[in-house]
Student: 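I'd like to ask some things about the structure below.
Here is the naming used below: chain letters follow the sequence lines, and residue numbers restart at 1 for every chain. Everything numeric here is computed off the predicted structure, so don't read it as measured data.
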Number of protein chains: 2
Amino acid sequence: MSDAYYLRLTDRLRELLSDPHACEEGRLPAERTLAERFRTTRVTLRQALAQLEGEGRIHRSNRRGWFVSPARLDYDPTRDAGFNDYVRAQGRRPRTEVLLTDTRPYPTAAEALGLPADQPFCHIRRRRFVDDRAVLAESLWVVPERAPGLLEGDYASHSLWGQLRSRWGLSLTHRSLRLYSEALPEREAAELGVAAGTAGLSVRRTIFDERRRPVEYDEEHWLHDALCITVELDGKA
Amino acid sequence: MSDAYYLRLTDRLRELLSDPHACEEGRLPAERTLAERFRTTRVTLRQALAQLEGEGRIHRSNRRGWFVSPARLDYDPTRDAGFNDYVRAQGRRPRTEVLLTDTRPYPTAAEALGLPADQPFCHIRRRRFVDDRAVLAESLWVVPERAPGLLEGDYASHSLWGQLRSRWGLSLTHRSLRLYSEALPEREAAELGVAAGTAGLSVRRTIFDERRRPVEYDEEHWLHDALCITVELDGKA
DNA sequence: CTGCTGATCTGGTATAGACCAGGAGTCTGA
DNA sequence: TCAGACTCCTGGTCTATACCAGATCAGCAG
């Protein structure tokens, strides 16, 4: 079916993307301009753009235009290197905004960790950037007994997991991960400045210490084109 | 922006999906029917359907219609349980078709395993089904020296990894995984009977034995709505 | 019973045009 | 100088319609 015009369009657009002169500052020409140049309608052109968006080559910024997507971030959710560390390690510039903190019961987190529904949690919600692009909206819930005084400390500038280790002597031994592609929920989409329903990747983690006591639960929502999950396993069989 | 008509449409369609009478055999009414029922055009209706498709609730079968998507398959790519085993463990019916086998050099696999480009491999390409829906197209390349006679054996009906262990005494100790969302490439899309560019999930693995000798490289392409990756880590810090 | 034909379903692609609403400057008047 | 209004540019949404192409199945001929 490679004879559909919009598919040939994606090929020509891909060429255009690799031409540094064509899109200044990583921004594509306006849809109307492109539609005219390729002698088609905006509808068809947008079909081609959506295709490239699905491939992770371009993304849109609400009513500002289409932009070339940067390389994906390599990310190993099984390691506890801090976000800042591995973003910088890849030559990118990290930034984090804390959106909300509180301490109260969160039944969802409680259920994930196998605790009673009225179990309170230290909750942190934040938004994280790579090179000034918001790519991740996350919420994490820490069992207060494991890390007393967490929210009073400087949880923003240093790796949270590093602090759990060093300040409270926790060893985050047992982890379970769930990961699937999704359409970003309304709230997360808004926080990332994209349309609801934009393709995303959901990562959920539950963490227990060496005595199998529940420590933390967290939910991450990534832009689908922003990351490449990598996992290294050296253990036994 | 919840006032866009197509977004309200998705809500009404979601209700419709949960109504067992509305869609017989998990099949939705025709687009033209739905468009008329909701007093809009096919274009707008299709926008809503695409949204639900992104959420993984429905999927299309080429020119046959839209269907309710089954629950995602839980899949742990770090374990070496066979496909058949964990599909059955979840009460589903697995099936595998071998599309191609050969032995010759494959530079891509060689590079992934750090071998010279002219290194030959035992190559198996297959398509895998869950309840008769093709959800996975995969290729795997095994270093022939590690498993002599592999392609002559019964590699189809039993877990390949199980055989590598039992027949050749290999321990698949060191593994590295890469995983990201993608638009399905033309070939894989065709094998899965979906349109090129359909949302997918790419999983690549490289496997070394306990002496760090390269054993296997494989590439999986999943339908994005077909699986939920889970990983359990009990090991060290 | 078998195999072909063709009508009629389905979604897939495309046109042409319209108006809406947010983003980002510019212009203006205090 | 600076805040606020205005304007223009962008993508976002939607209508109405047309035709194409694969899937399916009834019906017919052998």
Side-chain angles (χ1 to χ4, degrees), chain A residues 1-13 23-54 58-68 132-134 184 186 189-190 192-198, chain B residues 1-13 23-54 58-68 132-134 184 186 189-190 192-198:
Chain A
M1 232 23 49
S2 177
D3 45 357
Y5 188 51
Y6 83 93
L7 287 178
R8 276 183 292 143
L9 255 187
T10 60
D11 293 334
R12 298 180 63 181
L13 286 171
C23 11
E24 45 167 331
E25 312 258 338
R27 181 178 184 167
L28 275 72
E31 288 182 2
R32 287 167 175 85
T33 309
L34 289 172
E36 192 179 3
R37 180 185 312 177
F38 294 116
R39 298 179 193 292
T40 183
T41 43
R42 270 181 73 206
V43 180
T44 301
L45 177 85
R46 278 168 66 85
Q47 228 176 324
L49 291 172
Q51 197 75 194
L52 295 172
E53 186 185 31
I58 60 176
H59 63 274
R60 48 185 114 189
S61 176
N62 190 18
R63 282 169 228 268
R64 293 204 308 123
W66 291 89
F67 297 82
V68 180
D132 288 320
R133 180 185 180 204
L184 291 175
E186 209 161 326
L192 297 180
V194 299
T198 299
Chain B
M1 229 24 45
S2 177
D3 46 356
Y5 188 52
Y6 82 94
L7 287 178
R8 275 182 294 144
L9 255 187
T10 61
D11 293 334
R12 298 180 64 180
L13 287 171
C23 11
E24 45 167 331
E25 312 255 339
R27 181 179 183 166
L28 275 73
E31 289 182 1
R32 287 168 176 85
T33 309
L34 288 171
E36 192 178 4
R37 182 186 310 177
F38 294 115
R39 299 178 194 291
T40 183
T41 44
R42 269 183 73 208
V43 181
T44 301
L45 177 85
R46 279 169 65 83
Q47 225 176 328
L49 290 172
Q51 196 76 194
L52 294 172
E53 186 185 32
I58 60 176
H59 64 274
R60 48 184 113 189
S61 177
N62 190 20
R63 281 168 228 270
R64 294 203 309 123
W66 291 88
F67 297 82
V68 180
D132 288 320
R133 181 185 180 204
L184 290 174
E186 210 161 325
L192 297 179
V194 298
T198 299

Student: Rounded to the nearest angstrom, tell me the gap between atom CD in B:Gln51 and atom P in D:dG12.
Tutor: 13 Å
Student: Side-chain atoms of residues 34-42 of chain B: list all donor-acceptor pairs with protein atoms under 3.5 Å, sequence neighbours left out, distances to 0.1 Å.
Tutor:
{"unit_1": "B:Thr41", "atom_1": "OG1", "unit_2": "B:Thr44", "atom_2": "OG1", "d": "3.4"}
{"unit_1": "B:Arg42", "atom_1": "NE", "unit_2": "B:Glu31", "atom_2": "OE1", "d": "3.1"}
{"unit_1": "B:Arg42", "atom_1": "NH2", "unit_2": "B:Glu31", "atom_2": "OE1", "d": "3.0"}

Student: Please give, in whole Å, the distance from C:dG12 P to A:Gln47 CD?
Tutor: 10 Å
Student: Would you tell me if any nitrogen or oxygen in the side chain of A:Arg46 comes within less than 4.0 Å of OP1 or OP2 on D:dG12?
Tutor: yes
Student: Take the protein atom NE2 of A:His59 and the nucleotide atom C1' of D:dG11, then report the distance between them rounded to whole Å.
Tutor: 14 Å
Student: Rounded off to whole Å, could you give me the CZ-to-P distance for the A:Arg39 and C:dA16 pair?
Tutor: 12 Å
Student: Round to the nearest Å and state the distance from A:Phe67 atom CZ to C:dG23 atom P.
Tutor: 12 Å
Student: Counting just side-chain N and O atoms, does A:Thr41 come under 4.0 Å of either OP1 or OP2 of C:dG17?
Tutor: no
Student: Can you check the B:Glu53 CD to C:dG11 P distance for me, whole Å?
Tutor: 13 Å
Student: Could you pull out the closest heavy-atom pair between B:Ala196 and B:Ala189, with the gap in Å?
Tutor: CA-CB, 3.6 Å
Student: Could you run through nucleotides 4-10 of chain D and give me one letter per nucleotide, 5' to 3': B if any protein heavy atom sits under 4.0 Å from the base, S if only the sugar-phosphate is that close, - if neither?
Tutor: ------B
Student: Testing the basics here: between A:His59 and A:Val68, what is the closest heavy-atom pair and its distance to 0.1 Å?
Tutor: CE1-O, 3.8 Å
Student: With rounding to the nearest 0.5 Å, note down the distance linking CG in A:Asn62 to CG in A:Leu192.
Tutor: 13.0 Å
Student: Nearest heavy-atom pair of B:Ala48 and B:Leu9: which atoms, and what distance?
Tutor: CB-CB, 3.8 Å
Student: Over how many whole Å does the gap from A:Leu9 atom CG to C:dA14 atom C1' extend?
Tutor: 12 Å
Student: Heavy atoms from C-beta onward define the side chain here; which of D:dG12, C:dT13, C:dG17 lies closest to that of A:Ala4?
Tutor: C:dT13
Student: For B:Ser61 and for A:Tyr6, find the nucleotide of DNA chain C with the closest heavy atom, then tell me which residue's nucleotide is more 5'.
Tutor: B:Ser61
Student: Describe the nucleic acid contact of B:Arg42 in one word from base, sugar-phosphate, nothing, applying a heavy-atom distance below 4.0 Å.
Tutor: base
Student: With a cut-off of less than 4.0 Å, is there a side-chain N or O of A:Thr40 near OP1 or OP2 of C:dA14?
Tutor: no
Student: With the side chain counted from C-beta on, respond yes when B:Leu49 and B:Leu28 share a heavy-atom pair under 4.5 Å apart, and no when they do not.
Tutor: yes
Student: Could you state the atom-to-atom distance from OH of A:Tyr5 to C1' of D:dA21 in whole Å?
Tutor: 21 Å
Student: Could you give me the CA-CA distance, side-chain angles and deciding distance for A:Ile58 and A:Leu13, then say whether side chain to side chain contact (heavy atoms under 4.5 Å, CB included) is met?
Tutor: CA-CA 10 Å; A:Ile58 60 176; A:Leu13 286 171; over 6 Å; no
